[in-house]
Every structure is written in structure tokens, then in C-alpha cells.
Amino acid sequence: MDQYRFSEIEKKWQERWEASGVFHAEQPCDGKVPEKPKFYCLIEFPYPSGQGLHVGHPRSYTALDLVARKKRLEGYNVLYPMGWDAFGLPTENYAIQHRIHPATVTRENISHFRRQLKSLGFSFDWSREVNTTDPNYYRFTQWIFLQFYKAGLAYKKEMSVNWCPSCKVVLANEEVVEGCCERCGTETTQRVKSQWMLRITDYAQKLLDGLDDVDFISRVKTQQRNWIGRSTGAEVYFATTAGDALNVYTTRPDTLFGAMYMVVSPEHELVEKWLDEGIIQNAADVRAYQDEAKRKSDFERTEINKDKTGVRLEGVDGINPVNDEVIPIFISDYVLTSYGTGAIMAVPGHDDRDYEFAKVFDLPIRCVVEGGDITEFAFIDIDTGIMMNSGFLNGLHVKDAIVKMTDWLEENNLGHRRVNYRLRDWVFSRQRYWGEPIPMVYCETCGWQPLPEDQLPLLLPEVKSYEPTDTGESPLASLTEWVNTTCPRCGGPAKRETDTMPQWAGSSWYFIRYTDPQCETAIASREAMEYWLPVDWYNGGMEHTTLHLLYSRFWNQFLYDQGIVPVKEPYKRRTSHGMILGENGEKMSKSRGNVVNPDDVIHEYGADTLRLYEMFIGDFEKPAPWNTSSIRGCSRFLERVFDLQNKLIDGDSYRSDLETLMHQTIKKVSYDIDHLKGNTAIAQLMTLINRFYDAGSVNQAEYKTFLLLLNPFAPHITEEIWERQAFGGRVTDQSWPVYDEEKTKEDEVEIVIQVNGRIRARVMILRDMPEEDVLKIARENENVAPQLAGKQELKAIYVPGRLVNIVVKA
RNA sequence: GCUCGUGUGGCGGAAUCGGCAGACGCAGCGGACUUAAAAUCCGCGGGAUCACCAUCCUUGCCGGUUCGAGUCCGGCCACGAGCACCA
């Protein structure tokens, strides 16, 4: 018998799979729907970076490859596609540095990635490959943008945005992590720029509600819920001595009697108005504070534990609507312009931040909720507090007081119920070259005009320099020929938008394109979308929970509302994998020098071993450190699988002493693949092969089942053995093994006998032996009897097939 | 600070419903084979006391419920992730 030559075997089968198209999904066509039920599994398509694949990528791809391969054997028409999320900064930066066109860099990176992925033997349907930088693809990304625009959900707005001075680009809130650029770590600053925005806040409630109907792991749901950040409360109308109404948002209207002052954000429009009108007596101080706030980066402004600062607006006061008290108004940067009304009522007795501010400015603090000691700290407990010093609310519990006060405000026209979300609109423009051009034209007479749909795609023009500019202008802005165009409405001179879309655009709908990637008339045909959507199972990284996952749900919900996509929610089930860490337990990165290249592993051990190890490495949902010596265990296992051919004997049914284990293994492996527990599935297969070796042989029926169960993990070696042993056809043509629940149970089982919870004996019994017989055996057991002698038996418990516990008293 | 998650041998981890803790693998030790080594095969393998039999301890810590707790409840501690002046 040959040795296990994985390189030859893997190359051979990869070529055959490619030539036969065995993993191509069957497409519904002209009203004919495939007979097999569909199953759509999806992994997050990669960004084809210059570094190539690292061993973290295949963890997710392998896990769903197991599902895809198993589902095919179970008779499903499986869609398991792959593509490229190829617009983006690293490619553009590399292109600038090496003076190569980003399209060329992208093409090279993709072919590198594609070769690497193919060498792992994934059962992707390569005929459906999509590429977000392909004009035939981004044409529809632009088309979707136009639908947003037409629906009033895309708008251009002058606003303060996050700016990365190193990448020279605007960032979305989701791309700023702890005040720094998610990509390069540089501290971000604020810039006022005119930006295209997508009104994702209009979908805040739908995005929240949709979570109830989908099967996402709970940490994903919680994280999205937190990010959306729904809160309920009231908007309260305060009057001012200047005559203007000053509305505030609060979640604690019950504490209105404790409002001792008001705070507005430094950018609040009324401040400008009052300054202009000259009502504010300390205008210079106010202006100075505004300037200071403007200069601060977002990070500095939101840094916690810093001392509260602010300036009182002298000359204007607020009037508390519940008791007509005249209270001072401050500006302070602890109140955010972009949340609520940009103004608050401050209740220092019952809010930590207001308390701190009141201490700094030596303002009076009134207790309106009994239960704490406000000389020490703000009392914020809403479960135990009882109202006091609050007129008609006195004696009520906080929760009842909130309702009563809100009703009162509405009855007296002094406020109304309000829901607020932490989620902000999505900043959708980037001042860079390598992205989808935004298909909008600005005309002096007609304003912003959408490009007619028949003019899509709006191609990225050739440009000499991709260098971003410090002024925050896109490199496209210097292309006067491209920029100058005619207005689609009046035909007069007009200018194109020169910003491009963010990287998250293309990935927001790629799962739709996969259903019909060549469609030229629409994002996909109705027929294809109706057959394939929603995605049955989507696996990806936790880092995309508040970015890609939320954005793509938003796009899908919008397209559903427009009647374009047939499903409300795009993903039925979402799971998430843990990161693969370097051998030292740290995150894999070039700078740490702990990156493992899959090419090297494949060269040394083969793709099947790599796949197996990726699944065996540990709990799929948790991070796991790479361990080079552990791979040997997986490679040794496959060698044993291969060598089992030498121990093959005839037999078309499982031998009786192996039958139970065979059925147990089928059950366990089937369950484990569906629950992302590859590690225990492999452990079970190892247990089984150890039994074959103990028996000194394996028969054909047993070997066939074993190979089918192993096939999703190690597809090349199993096909090869199947062919060599002439088991008939290909593994890919077979059916997934079935088990008989009755046969998974041993006839004879070992049970333990405990006395007062301590194990005193182990005995073999027949599985269905009646309880009284088992207890009799237990009491008479030579190790148990002495423990019972002379003691009073209080209770005897028998857990069928597991244990007996006899409780005695001395 | 808030939200979520996780703590089990030297290591990765298993225990799916409250019922034998440590499956499977790695590393290690002993043996076989070999001139030798590698590879392979067989055996051992949480800790303590112990010649052996055996006994006791053990799932981050403290307590509780239960005949029985890694698993359930309460309170701590540690680590990780996300959010972070969102009123």
C-alpha cells in the first residue's frame, strides 16, 4: 500500500471538482424551481489584502464548508459562494506607494487569494464569484444609492464629522474606536464638512424589532441592541426669560421638581441666536468656551472622569414648567449636540453627571427621590426610590411617577412622550479614489440631481495621482474634465460629486448579488431572490456586528420596503467565530512576527490536515491560540485513516460489537456539524478509528460510513480512498449516513453505585433492567453492603442507565 | 461605570437535561522495534497520603438549594469583548 501523498491527492481532486462543477448550485430558471430544497450558507467575503490569507480566515470558511458539504449529501441544493470586498484604503495606499493602479493591485491580490482558497478545497460555487470593484457590480451599488436618494434617505449635510489626519478621510461613528481611527490607530479630530448621509436612524426601530425574528447568537443581538440604544422618556418644553422655548429630552420626567439648572451644548442654535441678539452679557466668555470645545477632538470631549467645565449664560434663565422656578442655563460640552434636543434639564440630586457639575459650580441640589444620601452622591436607583418634594408625585414609586408626570405634561401641553436612539445617521462619503463614485450631480440652478439610471455605471475615471489631499478634497476633484458635466434636469453646466462611497457599501448587498451574479437588468432577478433568500446561515466576525451586519440589514430592510427584495430580514441565522491567535496567545500580526501562513501548513501537512486542525483547535466561538505541535495529531489521524485500507475486510453491515458506536458516531457527528462543534465531532471520529485499530480491522460498511462522516472535514483523502477501494461513484454522489436512535444505546451499561453520594462500586447491568432489580444488585454488592450494615436506609435513587444512590443514616 | 461573556490537569479542550469530572488531542514518562535516531506501535498519565489495598482532596473564591452541583441560586475575585458624559 502506498503512503499518504497528500499533495498529489489534493491537487487531483481539486482539479476534478473544478472540471465537473460539482459544487455549482442549481439555479431556478424560467419558472422552473429546482426540486431539491435550497440551503444558502454564507461567510463574510474577504478583503483581498496584499498579505494574502492567514490561518484565521479558513476557520470560518471551513466551518460552513462542513455545513455545505453535509447539506449536499443530505439532498439540499446548496449555495456556498465566494467573492471579493475589494474597494478600500489599504489597496489605494499600496497603489500610491508603488505607483501601480489600484485596479491592478486588486487584480493581483484577488488572484493570490483565489489560488490560496482553492488550495484548501472549499466547496465554493466559483461560477458566482462577485467583485465589488467590477463596474457590473458597483453599477448596482450606485443604483441602490439612487433609490435611497429618491426615497429621501440619502441627503447631503454640512456637519462635524470624524476625520483621520493620517488616512486623510472621514470616518463613520462605527469606524472610530476609543477616539481613534479603527484602521490606523491615529487619534481622530473633528471637521466640518458637507457629507452624504444615509438615514439609518429612520430604520432604528425596524432594525431593533427585526432581531426578534431571527436566530442570531445572543451576544450579536445584545450588541446591536446596545448600539441602537433605544431609550424612552419625554421631551419637556421649558420656557426662557428670553422668550424662546427650550426643549429638553429626559428619561426621568419624574425628577422634574429637582431640576435646578439647564445645560445646552456649546453648538446649540439658541446660543447663537441669543449671542446675535446681544442678550448674553458674558458673550466673550461664552465664545471662548465654544472655541475651546470646537478645537477639542471627539476623544478629548468624551473622555470620562475629566472635570466638568462650562459657562453660565448670563442674561437668560430657564423656567421650570412644573413650578415656574427660574433656573440658570449653562453651556457645557458634557451635553452632546447630536443626541436628543442638545439640551437637558439638570437634576443634580439624581444624575451622576449633573451632580458632578453642580459640585464644581457650587449649585444647589434638591432631593426629590427618597432612598439615598444626596450629600454624598446622586441617588439614581429607580427600583426602590419614593418621590418627595415633588407636589402631586409625592409618595409614588419612581416608575409610577414617570408615567404620571408624562401624562401631566401631555395634558398641560408642556411636553410629550418621546423615544430616542443612540444610533446616528451613517456618514456615507469618503474623500478617496478607490471607491464607488456617488452618482450625483450638482447644478447651480437645480441643486443636487441624481444621475439617470440608464447612465450607470458611473465609472471611476483614470487619474494620475491618487494622493489624498490635506484639504479633505477627493483626488477626483482635480479631474476637471470628469467633474464638469451637464445637469440631467436642465442641461446646464453642472459638477459631479467627487467623494466616493465607504468600503461598507459594496458589502451591504453582496449576498443578494450571489443569488444571480450575472443579472444585467437588476440587482438580481426576482425569481432568484425568491428562491434563495434569506441566507440560511451566515457566519462572520464579531468585529462586524455594529458595522457590516447592521448596515446590510438596513439596506435589505430598505430594499424590502421598496418592494425590490422579497424578505424582511436577510439572514436567518448568524453565528460568530473566535479569532485564531498566534502561538504566543497574542493577536496574529506582522509586527508581532507570529503570523502563520496557510501555504506553509498545506505544504508540510496538506489541506485536509489544516482543515481538520482548524476545526479541532477548540471551541469555535472562542479565540484559540495556534499550536504547531498539535497539528501533528491531526496529520497522524489522517495517516491512520489512510492506513486503515490495509485492514479492510468484507462486510456489508456493521459488526455487532461496533454497531452501537457506529450509530452513536453518526448521531454525534451530524449534531456537531450543525452546532459548530467540529472539535468534538473529530474527537468522536478519533475514538471510532481507535476502536477499528483495537479490533485489528474495519469492514467495508464501517469504512464507508466513516469516510462519509469524515468527508466534510477532509474531503480530498476521503474521495481518494473511496475511489481506490472502488466503493462506487464519488463521495459527493452519496447520501449522508443515517442512524437508528435505538441502536445508539448499549444493551449493557455500567452504572455506579453511590452511598450518600460517594461512589462505592461500578457494575454492569442490562439497560432496561427494572429499578427494583438494580437496587437489589446494588444493596447486595460486596463493596456496598458493608456501607449499609447497621444503618437506616432513608432513600434510594435510581437514574436509569447511570447510577444508584443509596442514602443512609448512621 | 454599564452590557455581555469566560474561569476545568503542564497545554488546547470535553462533559448537549442536575447524575461516573478530565472524552479526544498535544506535550511528558516507561517499554517494544532499531547499530542508533526519526517514524511507528504498546502502556502510564489531576493532586495528596501510601510498599500495596485503599482513603481523602479537586472544575477561580465564599456561601446556599439538592440524595447528588463544573452545571442551578446569592455574594465576591480575575480575565476578555463591546459601549462609554446618549440625559
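All values reported here derive from a predicted model rather than from experimental measurement. Letters A, B, ... are given to chains in the order of the sequence lines, protein chains preceding strands, and every chain is numbered from 1.
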Step by step, work out the side-chain hydrogen bond (donor to acceptor under 3.5 Å, both in side chains) result for A:Thr687 and A:Asn690. CA-CA 5 Å; A:Thr687 304; A:Asn690 289 344; 5.6 Å; no
For side-chain hydrogen bond (donor to acceptor under 3.5 Å, both in side chains), just list the numbers for A:Thr232 and A:Arg417, CA-CA rounded to whole Å, side-chain angles, deciding distance to a tenth of an Å, and then say yes or no. CA-CA 8 Å; A:Thr232 54; A:Arg417 282 185 165 71; over 6 Å; no
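Against the 90° criterion about 0, the sugar-base torsion of B:G28 places it in the anti range. Here B:C17 is in the syn range [glycosidic angle within 90° of 0].
Taking atom P in both B:G46 and B:G22, the straight-line distance is 9 Å, to the nearest Å. Of the C1' atoms belonging to B:C20 and B:U71, the separation is 15 Å, rounded to the nearest Å.
At the heavy-atom level, A:Ile617 lies under 4.0 Å from the strands shown only through sugar-phosphate atoms. A:Arg640 comes within 4.0 angstrom of the backbone, heavy atoms only, and of no base. Within the 4.0 angstrom heavy-atom criterion, no nucleotide atom of any strand lies near A:Gln684. Heavy atoms of A:Ile797 sit under 4.0 angstrom from at least one base atom. Among the protein residues, A:Asn805 comes within range of the nucleic acid bases, having at least one heavy atom under 4.0 Å from a base atom.
A donor N or O paired with an acceptor N or O is found under 3.5 Å between the base of B:C20 and the side-chain atoms of A:Arg762. You'll find a donor-acceptor pair under 3.5 Å spanning the side chain of A:Lys668 and the base of B:U16, going by distance alone.
Pairing for B:G68 is absent, judged as Watson-Crick or G-U wobble with the two contacts each under 3.5 Å. Remark: B:U16 base-pairs with no nucleotide; criterion is Watson-Crick or G-U wobble with both hydrogen-bond distances under 3.5 Å. Within the shown strands, B:C77 is the pairing partner of B:G7 under the Watson-Crick or G-U definition, both distances less than 3.5 Å. For B:G82, the paired base is B:C2 (Watson-Crick or G-U wobble, both distances below 3.5 Å).
Across the interface with RNA chain B, nearest-nucleotide mapping of A:Ile682 and A:Arg758 shows A:Ile682 to be the residue nearer the 5′ end. Residue order along RNA chain B, read from the 5' end via each residue's closest nucleotide, puts A:Arg802 first among A:Met542 and A:Arg802.
Figure legend: A:Lys308 and A:Tyr334 shown as a cation-pi pair, the cationic atom lying under 6.0 angstrom from the six-membered ring centre and within 45 degrees of its axis.
Ion pair A:Lys221/A:Asp212 not flagged as a salt bridge, since none of the NZ, NE, NH1 or NH2 atoms sits closer than 4.0 Å to an Asp/Glu carboxylate oxygen.
Aromatic pair A:Tyr605/A:Phe6: ring centres not closer than 6.0 Å.
Considering only side-chain atoms of A:Lys308, the nucleotide from B:A87, B:C26, B:C85 that sits closest is B:C85.
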